[in-house]
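To start, the structure itself, in structure tokens.
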Amino acid sequence: MTDTNTKNTIRHVDIYDSTLRDGAQAEAISFSLDDKLLITEKLDGLGVKYIEGGWPNHTSPKDLNFFREVGKLRLTVSKVTAFGSTRRASNRPEKDPILRTLIDADTEIVTIFGKSWDLHVEEVLRVSLDENIRLIEDSIRFLRAQGRRVFYDAEHFFDGYKARPEYALRTIQAAEEGGAEIIVLCDTNGGSIPEETASICDEVKKRIGIPFGMHCHNDAGMSAANTLIGVMHGASQVQGTINGFGERCGNDNLCTTIPNLMLKLGAECLPEGRLSGLMDISRFVSEIANESHNHRQPYVGESAFAHKGGAHVDGVLKNPRTFEHVDPELVGNQRRFLLSDQSGRATILTKLSSIYRNLDKNGPLVKAVLAELKKKEHDGYQYEAAQGSFEILAARIIEGYKPPFSFEGFRVITDRRDDGSMVSEATIKLSVDGAEEHTAAEGDGPVDALNSALRKALNRFYPSLSEVRLEDYKVRVLDSDEGTAARVRVLIESFDGVDSWGTVGVSENVIDASYIALVDSLSYKLILDMRREKQE
Ligand SMILES: [Zn+2]
């Protein structure tokens, strides 16, 4: 469908972000005033042209405050818009509270939505079809008379058009008549399919004299396709949200659509050089929304350029184009090679080549590392997020590495007291070069106590271990085969102020699995120290 003609005629598409309004309507997502201001600054950094600030109505003081505060930010690219609806049928425009608060928000641009679908006009608004036309036209005319630029969101336009095409077209013609600058065609229920979207856009183009834009929802998994085809059929503005946050299945995901438009259609959407900030803002908004970042989302998911299968890894090493549709760095992502049972010696070589310069892909050492890796994975280990443990495994085989201390035993006791409080105590026995150490420590929980005891015991031998902080601790119960006890896998993320590294432990006992991962974490810190010393 993308013939070179289409590609050449699309020059510029304006990006309109609705994360703060439609995005905030997603289940389990809510943004504080500070969150909204932080996201606004990030969106300006990315270079989107318009940011929908929300509803400035008085029942939602957070949003009205936002319009006061946002004026203090020095935005360089983006313009913030206020969002609302057409007036109520019972009010004259100048007396309508919704329109009044839109003026109070004091923005250059106001976006209002109105009804295009007769079903909504008659059953939800409960006004006549003609009355609805008047609401649209005079609401816009009023806002224009107050000096505002007006974007008109034609809610349910595609469904309305399918039900009653002439009426749907009359609603947007009324918006044009009232003075709207652009008509945004909304697939509000997200159920359209690209072919009908395309032909409806073609019809709209013939019937209005102003530009049109797209606002698609993803209920049929087709918002990206509908948005793209809308642009190929003439849309010059695209509305969506970061990470696709929004009602139900979400809005169109700008983190997919922006690169689609720029890299597939050659459209200009962001200022020069900003596209590589996309992954960063995607993760930032997930973080602020307190949602785990979707690893599998196109372009900006952590897995979007992660290669696992042996043949895939081999192909990408020969030429990345074999299994990558675009260069990951264009959107700020990076290529990753995953360690796994399926991956071959090529991955191992890539993972270790910076440490061991002369490893031979076909030599016995690489084969032995792969065999050990497969054995451990069979036991439930996973090294994709545990580079520290993987390097220790490889070092044992390649250079006969031994841990810096020998372990003699530990014991952990947890007490629940009268007042309901819990205290754990761990004692640990180990030796370093023949010198024995026996220590005890308390902690909030058994793993915390064990961690403290282990560090206390090792501290006089290796003071640099005090720099290590545990950043993350994850436990996963592994499926058990019939007849065996379930095993748990513990993943620990550590950081020493310079580097961070992951380690892993597997056992039938969660404390033991934690202990294995902790020992790897501290051992890897000492390996890192040694490497840094060598470099100096
Ligand atoms: Zn919407």
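Computed from heavy atoms alone, side chains included, the values below leave out hydrogens, waters and symmetry copies. Note that the numbering runs from 1 along the sequence shown for the chain. Whatever order the structure lists them in is the order used to number ligands and atoms, beginning at 1.
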Task: Set of side chain to side chain donor-acceptor pair (under 3.5 Å) partners for Lys95, sequence neighbours left out - done: none
- [ ] Return the set of protein N, O or S atoms whose distance to the Zn ion (ligand 1) is under 2.8 Å, each given as residue and atom.
- [x] Asp22 OD2, His215 NE2, His217 NE2
TODO: Tell me, please, which residues at least two apart from Asn226 pass side chain to side chain donor-acceptor pair (under 3.5 Å).
DONE: Thr197
- [ ] Could you tell me whether Lys72 and Glu69 make a salt bridge, using a distance below 4.0 angstrom between a side-chain N and a carboxylate O?
- [x] yes
TODO: Inspect the contact between Glu94 and Arg100 and indicate whether a charged nitrogen and a carboxylate oxygen are less than 4.0 angstrom apart.
DONE: no
Open item on the list: Could you work out, with side-chain contact (heavy atoms from CB on, under 4.5 Å) as the rule, every residue matching Val77, not counting sequence neighbours?
Closed with: Asp44, Pro271, Arg274
Task: Donor-acceptor side-chain pairing of Asn132 and Tyr167 below 3.5 angstrom - done: yes
